[in-house]
Amino acid sequence: MAELRPPIESGAPDPMPYMHPVMVKNYGKWSFHSHPKPGVLYHRAESGDEIWTVKAGTQRQMDHYTIRELADIADQYGDGFVRFTARSNIEYMVADGSKVEPLIKALNDKGYPIGGTANSVSMIAHTQGWLHCDIPGTDASGVVKALMDELYDDFVKCEMPNRVKMSTSCCEINCGGQADIAIIVQHTKPPKINHDLVANVCERPSVVARCPVAAIRPALVNGKPSLEVDEKKCIC
Ligand code: SF4
Ligand code: SF4
């Protein structure tokens with residue numbers, strides 16, 4: 001039998017080079033962990049080595065100025081090692097417990113809340129929205145920002161009956177939004193068309209093709225090419 005070609009590894013990169021040295025050294029050999037306060041985790045290894053993790057919330061979609069700011073805080077107040085969680089929280093690992101409080105203060109001073117652990121409402125995951133997807137009529141990320149502003153206290157405290165994971169998505173495909181509470185963000189009325197703008201800015205065939213129930217049709221309005229919506233067909 002011919003020799004099988006080995007698979008090409010194109011998934012997540014090897015995390016070891018980026019991991020805190022204490023975590024690399026004690027990989028798979030942890031004997032104890034606790035939760036000293038909201039947003040802080042403590043782990044002790046069989047070797048006696050210790051590590052603290054400080055979790056901060058971010059605005060999820062970040063520009064490079066924000067990422068540089070977060071990285072500078074890691075260099076100045078942490079050990080220079082961070083990881084982003086699936087919900088875009090950032091976690092700083094430090095091997096010296098005396099660094100925890102100055103690190104928390106530095107993050108708070110820049111506006112990053114500390115929390116998201118244990119019985120808190122962790123950061124809301126959202127689907128791609130307008131950043132990458134070409135079908136959302138709404139964006140999930142802006143809604144997440146507004147929701148987390150409301151849920152700020154539930155992120156920084158751990159007073160829920162259990163862990164709470166939430167998500168938002170901008171259509172029922174819900175491409176990334178598995179959670180305890182999943183919110184689908186949608187318009188509830190058929191779209192209104194600004195006929196003055198359509199001819200100049202809209203690629204009409206793409207818009208027509210995008211509607212799953214063929215409710216959008218090309219139309220001539222006031223002698224200009226535009227679109228019309230059959231509101232009886234529209235599923236919103
Ligand atoms: S939830 Fe739907 S509209 Fe939103 S990014 Fe995913 S597939 Fe696109
Ligand atoms: S059903 Fe069609 S017309 Fe209605 S909101 Fe969805 S894409 Fe737009």
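Both counts, for ligands and for their atoms, begin at 1 and track the order of listing.
Under the 3.5 Å distance criterion, with hydrogens and angles disregarded, a donor-acceptor pair is assigned to the side chains of D79 and H20. Counting only N and O atoms by type, the side chains of S226 and H195 include a donor and acceptor under 3.5 Å apart. Counting only N and O atoms by type, the side chains of Y112 and Q59 include no donor and acceptor under 3.5 Å apart.
Within the 3.5 Å criterion, the main-chain N or O of S88 finds a donor-acceptor partner in the side chain of T58. Side-chain atoms of T138 come within 3.5 Å of backbone N or O of V185 as a donor-acceptor pair.
The ligand atoms of ligand 1 that sit less than 4.0 angstrom from a heavy atom of C133 are 3 (S), 5 (S), 7 (S), 8 (Fe). For ligand 2 and V213, the ligand atoms under 4.0 Å from any heavy atom of the residue are 1 (S). Residue contact check: S169 has heavy atoms under 4.0 Å from atoms 1 (S) of ligand 1.
Here P212 has side-chain heavy atoms under 4.0 Å from ligand 2, and that is the only part of it that gets that close.
Among the backbone and side-chain atoms of C234, none of the N, O or S atoms lies under 2.8 Å from atom 2 (Fe) of ligand 2.
Assignment of G129 to the shell around ligand 1 is supported, since a heavy atom sits closer than 4.0 Å.
With V100 as the fixed residue, the side chain to side chain contact (heavy atoms under 4.5 Å, CB included) test singles out one of Y92, Y77, W52: W52. The one candidate from H35, E50, H33 that meets the side-chain hydrogen bond (donor to acceptor under 3.5 Å, both in side chains) condition with Y42 is E50.
Considering only non-hydrogen protein atoms, atom 2 (Fe) of ligand 1 sits nearest to C171 SG, 2.3 Å. Of the protein's non-hydrogen atoms, the one nearest atom 4 (Fe) of ligand 1 is C170 SG, 2.3 Å. Distance from atom 6 (Fe) of ligand 1 to its nearest protein heavy atom, with residue and atom name: C175 SG, 2.4 Å.
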